[in-house]
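Notes to accompany the following structure.
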Amino acid sequence: MSKREDILDTSRISSENGLKYGLVYSEVLGWIDMGHAQGDDIRSLMHSFSSGESSGKPYYPVRYEQTMRLYRFATGRFNVWHIKKGRSLSEQRSIALAMMMNTAVAFENWQSMSFFSWHTDSGFSGEDLISDLFGFYRANFSRTYWDELKIVSKASALRRWDHYGPIGRYKNTGFLPLLFPDPVEKLLCPKPYKGRLPRFMMQVMPYKLHPNDNTVIFTSKKAGVINALGK
């Protein structure tokens with residue numbers, strides 16, 4: 001659940017590792033949650049593919065999950081797919097993207113359930129899915145993206161927050177950016193609108209599951225309460 005005080009001083013962004021958590025505003029992607037955008041979950045997922053490919057097994061399991069903490073517990077959604085050995089790196093990325101997108105939408109739906117509304121307004125919050133997608137590309141194509149994304153100053157980001165209100169009020173159920181024009185720009189109509197993905201975020205197409213597919217065997221899609229000390 002993003003808050004006004006999470007908005008970061010973007011003058012500190014000097015590299016891809018400059019900021020770990022908090023909010024920044026991009027004129028290309030809209031609000032970015034740096035926690036979602038770290039990409040550590042995707043790096044772990046890609047490592048599972050690498051380990052599976054070297055395991056010697058004809059099929060290997062790959063698990064991806066998203067969770068949120070509730071005091072001593074975590075709850076979330078996860079997928080386990082069994083992958084036929086022999087996938088190229090481009091195929092691995094395509095499958096990983098499909099897993100992330102499938103699980104992320106399921107997780108946002110889970111967060112939207114009425115029994116979580118007392119705790120969070122994060123279900124499909126406008127920054128979540130686009131930040132997940134940006135994290136996927138950061139993990140798979142490591143380089144510095146900040147200039148290309150046109151990250152605005154903290155003052156400009158705060159102006160947007162104060163004019164439009166908390167990003168949690170604006171729901172985005174897809175992976176296109178939700179943009180908020182700067183209210184000081186008098187020539188613009190100051191209301192949110194859907195933008196387009198930059199070219200670098202269209203390099204990978206998500207894998208499409210097919211009936212009787214023997215490359216990817218879909219085995220589970222679950223929710224659960226997970227003890228914070230272990231799964």
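We number each residue from 1, following the sequence as shown. Source: prediction; values computed, not measured.
Taken to the nearest 0.5 Å, the NZ atom of Lys171 stands 8.5 Å off from the CD atom of Glu108. Gln92 CD to Met46 CE: the interatomic distance, rounded to the nearest 0.5 Å, is 5.0 Å. Separating the CZ atom in Arg43 from the CZ atom in Phe136 is a distance of 12.0 Å, to the nearest 0.5 Å. Note that the CD atom of Glu65 and the CZ atom of Phe78 stand 8.0 Å from one another [nearest 0.5 Å]. Distance check, rounded to the nearest 0.5 Å: CE of Met34 to OH of Tyr21 gives 10.5 Å. With rounding to the nearest 0.5 angstrom, the CD atom of Glu185 is 8.5 Å from the OG atom of Ser156.
Taking all atoms of both residues into account, the shortest heavy-atom contact from Met202 to Leu197 is CE-O, 3.8 Å. The two residues Gly168 and Ser125 have their closest heavy-atom pair at CA-OG, 3.4 Å. Smallest separation of non-hydrogen atoms from Leu23 and Asp33: CD2-CA, 4.0 Å. Minimum interatomic distance between Leu97 and Val204 (heavy atoms only, all atoms of both residues): CD2-O, 3.4 Å. Closest approach of Pro61 to Val80, counting heavy atoms only: CB-CG1, 4.4 Å. Smallest separation of non-hydrogen atoms from Thr173 and Phe124: CA-CD2, 3.5 Å.
Remark: the Glu53 side chain and the Tyr60 side chain contain an N/O donor-acceptor pair separated by less than 3.5 Å.
Under 4.0 Å is where a charged nitrogen must lie from a carboxylate oxygen, and between Arg4 and Asp162 at least one such pair does.
Looking at Asn172 and Asp128, their side chains never come closer than 4.5 Å, going by heavy atoms from C-beta outward. Within the 4.5 Å cutoff, no side-chain heavy atoms of Glu148 are placed close to those of Val28. Between Pro198 and Leu29, some side-chain heavy-atom pair lies under the 4.5 Å cut-off. Counting heavy atoms from C-beta outward, Trp31 and Leu178 have side chains that stay 4.5 Å or more apart. Between Leu149 and Ile32 there is a side-chain heavy-atom pair separated by less than 4.5 Å. A 4.5 Å side-chain heavy-atom check between Glu27 and Val152 finds at least one atom pair inside the cut-off. Looking at Trp161 and Pro166, their side chains come closer than 4.5 Å, going by heavy atoms from C-beta outward. Residues Pro183 and Arg160 form a side-chain contact, since some pair of their non-hydrogen atoms from C-beta on lies under 4.5 Å apart.
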Open item on the list: Does Thr215 form a side-chain contact (heavy atoms from CB on, under 4.5 Å) with Trp81? I'd like the steps, not just the answer.
Closed with: CA-CA 10 Å; Thr215 299; Trp81 292 3; over 6 Å; no
Open item on the list: Test side-chain contact (heavy atoms from CB on, under 4.5 Å) on Met201 and Ile130; report intermediate values, then the result.
Closed with: CA-CA 10 Å; Met201 288 177 66; Ile130 192 65; 4.0 Å; yes
Task: side-chain contact (heavy atoms from CB on, under 4.5 Å) assessment of Met100 paired with Leu133 - done: CA-CA 8 Å; Met100 184 279 286; Leu133 185 60; 4.2 Å; yes
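Judged purely by atom type and a 3.5 angstrom limit, Asn102 has no side-chain atom pairing as donor or acceptor with the backbone of Ala98. The backbone N or O of Ser44 sits less than 3.5 Å from a side-chain atom of Ser48, completing a donor-acceptor pair. A donor-acceptor contact shorter than 3.5 Å links the side chain of Asp6 to the backbone of Lys3. The backbone N or O of Ser88 lies less than 3.5 Å from a partner atom in the side chain of Glu91, making a donor-acceptor pair. Put simply, the side chain of Gln203 gets close to the backbone of Phe200: a donor and an acceptor are under 3.5 Å apart. Side chain of Tyr25 to main chain of Phe180: a donor-acceptor pair is present (N/O by atom type, distance under 3.5 Å, no hydrogens or angles).
Counting heavy-atom neighbours within 6.0 Å of Lys194 NZ, excluding the residue itself, gives a total above 12. Within 6.0 Å of NE2 in His47 there are 12 or fewer heavy atoms belonging to other residues, nucleotides or ligands.
A continuous path of Ile, Leu, Val, Met, Phe, Trp and Tyr side chains, each step under 4.5 Å between heavy atoms, connects Tyr137 with Leu89, placing both in one hydrophobic cluster. In the hydrophobic clustering of ILVMFWY residues, with side-chain heavy atoms under 4.5 Å counting as a link, Phe175 and Met205 come out apart.
Relative to the six-membered ring of Tyr207, Arg87 misses at least one condition, a distance below 6.0 Å or an angle of at most 45° to the axis. The cationic group of Arg138 does not satisfy the cation-pi geometry with Tyr145, failing either the under 6.0 Å distance to the six-membered ring centre or the 45° limit from the ring axis. Cation-pi check for Arg93 over Phe141 is met; the charged atom lies under 6.0 angstrom from the ring centroid and within 45 degrees of its normal.
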